[in-house]
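Here the structure is laid out as structure tokens; the discussion comes afterwards.
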Protein chains: 2
Amino acid sequence: MSDTAPAQPSHAPRPRRQRADAQRNRARLLAEADRAFREQGTEASLEKIARGAGVAIGTLYAHFPTRRALLSALLRDRHDALFALGDELLAAAPPPPAFDQLTRWMRAVAEHGAGYSGLAEELLGSHEDKGSELHAACARLSAAGSALTARAHAAGAIRPDITPDDVFALVSAASWLRARTRDETRAERLLTVLFAGLRP
Amino acid sequence: MSDTAPAQPSHAPRPRRQRADAQRNRARLLAEADRAFREQGTEASLEKIARGAGVAIGTLYAHFPTRRALLSALLRDRHDALFALGDELLAAAPPPPAFDQLTRWMRAVAEHGAGYSGLAEELLGSHEDKGSELHAACARLSAAGSALTARAHAAGAIRPDITPDDVFALVSAASWLRARTRDETRAERLLTVLFAGLRP
DNA sequence: ACCTGAACACCGTTCAAGT
DNA sequence: ACCTGAACACCGTTCAAGT
């Protein structure tokens, strides 16, 4: 996972000043939610998260009106890192082979989507649902994927019938599978197989 | 989906005689569960299923002590059909090309696993968990897949590093994706891509 | 400006009482 | 032999009352 500084975070920036206690509560909620989501997936109990963060359930809802809003806040930095990686890949000169570029991108997004069980589902769903808090992030991930897919097509590196949405769907499936494969060697092999099928 | 008669159902047969009302309740519960699982996935509310079947919640639990037991009963016939397909493919003479045979099997299992959202997860999990009510079925599906994988290896039709567990995992991922792809043409293309990656 | 926690609706699961 | 539904524990979500 790249730790390059996000090129241009480009989200609506969050309100600048909060009371100190509010800021602390928010941070605690995020930390506890990350723990819970990693251990139990994105459907983890919100009440337990609030309890674990030492606040009342109403405080959780005050900060994050929906489960997706909480998830979205949690993913913000990681999405920024992915956007930066996308920019980097697209700007690279001389460009590496188009197939490698595309699969490097797909691999990075797949690893991201495997971070919490349930996340792959959320990303694939939010990609199609314009109303989702995660839609903007998915659209931007998808845009980078589209550009890399177009390059791969131009180089004749992938099957001509593959669409950018296919690529997004495959990455989601890869995320789902990656999240459920404990053996790292096997996970690696499975991703390779998944992506190899894109070849003409 | 093949409608060949199951070769040898081989499950422990369910108790022969039930009171007429019990038999009717069981059938109603299964029908209602199928409806609910198809519409809301395998996590659908059991209380609603009982209500929809016109029985009290205790009756549902009396017939099916766990959610998995209910799911397992629901899948029994479809699993028998798949076992029969496996036997058929393995017995075919002259055998069709090993790769086609394997992917025909994978496709059939993937379609099956896409029947309910949440089922792919259940199958992959039960494959590893010997205590699951679904383990026996998964093991038998996996055995057929193993035999077809071995044939494909013997013919040099797939990458040498692929294991039977890899095949099961890929089928699960295919199921997951298939269940979330409404466009049939696209679903077809995605399965083709997923399976094409097995080639050497 | 933010936090608390009671209140409501809903569900999973068990089990004593019925027929 | 089977069914019922109350009982308990738990969770999501809202909102009036507090500081």
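Note on naming: letters A, B, ... go to the chains in the order of the sequence lines (proteins, then strands), and numbering restarts at 1 for each one. This is a predicted model, so every value here is computed, not measured.
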**Prompt:** Should Ser172(B) and Trp176(A) count as side-chain neighbours, where that means a heavy-atom distance under 4.5 Å?
**Reply:** yes
**Request:** Flag the pair Thr66(A) / Leu71(A) as yes when at least one side-chain heavy-atom distance between them is below 4.5 Å, and no otherwise.
**Result:** no
How long is the gap from [atom1] on [X] to [atom2] on [Y], to the nearest 0.5 Å?
| X | Y | atom1 | atom2 | result |
| --- | --- | --- | --- | --- |
| Ser175(B) | Glu122(B) | OG | CD | 12.5 Å |
| Phe168(A) | Cys138(A) | CZ | SG | 4.5 Å |
| Asp21(A) | Asn25(A) | CG | CG | 6.0 Å |

**Request:** Enumerate the residue pairs fulfilling side chain to side chain donor-acceptor pair (under 3.5 Å) with a member in residues 91-101 of chain B, sequence neighbours excluded, ordered by first and then second residue.
**Result:** Gln101(B)-Arg151(B)
**Prompt:** So which one's nearest nucleotide on DNA chain D is more toward 5', Gly58(B) or Arg19(B)?
**Reply:** Arg19(B)
**Prompt:** Between Arg67(B) and Ala44(B), is there a donor-acceptor pair closer than 3.5 Å when you use the side chain of the first and the backbone of the second?
**Reply:** yes
**Asked** For Phe99(A), is the NZ or CZ atom of Arg199(A) found under 6.0 angstrom from the centre of its six-membered ring and inside 45 degrees of the ring axis?
**Response** yes
**Asked** In residues 60-70 of chain A, which ones come under 4.0 Å of DNA chain D, going by heavy atoms?
**Response** Tyr61(A), Arg67(A)
**Asked** Looking at residues 42-53 of chain B, who's got a heavy atom less than 4.0 Å off DNA chain D?
**Response** none
**Request:** Would you mind checking if Arg76(A) and Asp80(A) are paired as a salt bridge, meaning a charged N to carboxylate O distance below 4.0 Å?
**Result:** no
**Message:** I'd like the 5' and 3' limits of the part of DNA chain D contacted by chain A, with heavy-atom contacts below 4.0 Å.
**Reply:** dC11(D) to dC15(D)
**Fill in**
Secondary structure of DNA chain D per the Watson-Crick/G-U criterion (both distances under 3.5 Å; [ ] crossing, | other strand, . unpaired) is ||.|||||...|||||.||
**Asked** What orientation do His79(A) and His112(A) show, parallel under 30°, tilted 30 to 60°, or perpendicular over 60°?
**Response** perpendicular
**Message:** With side-chain hydrogen bond (donor to acceptor under 3.5 Å, both in side chains) as the test, pick out the partner of Thr163(A) among Asp161(A), Asp166(A), Asp165(A).
**Reply:** Asp166(A)
**Asked** Can you list the residues that meet the salt bridge (Lys or Arg N to Asp or Glu O under 4.0 Å) rule with Arg35(B), with sequence neighbours excluded?
**Response** Glu32(B), Glu39(B)
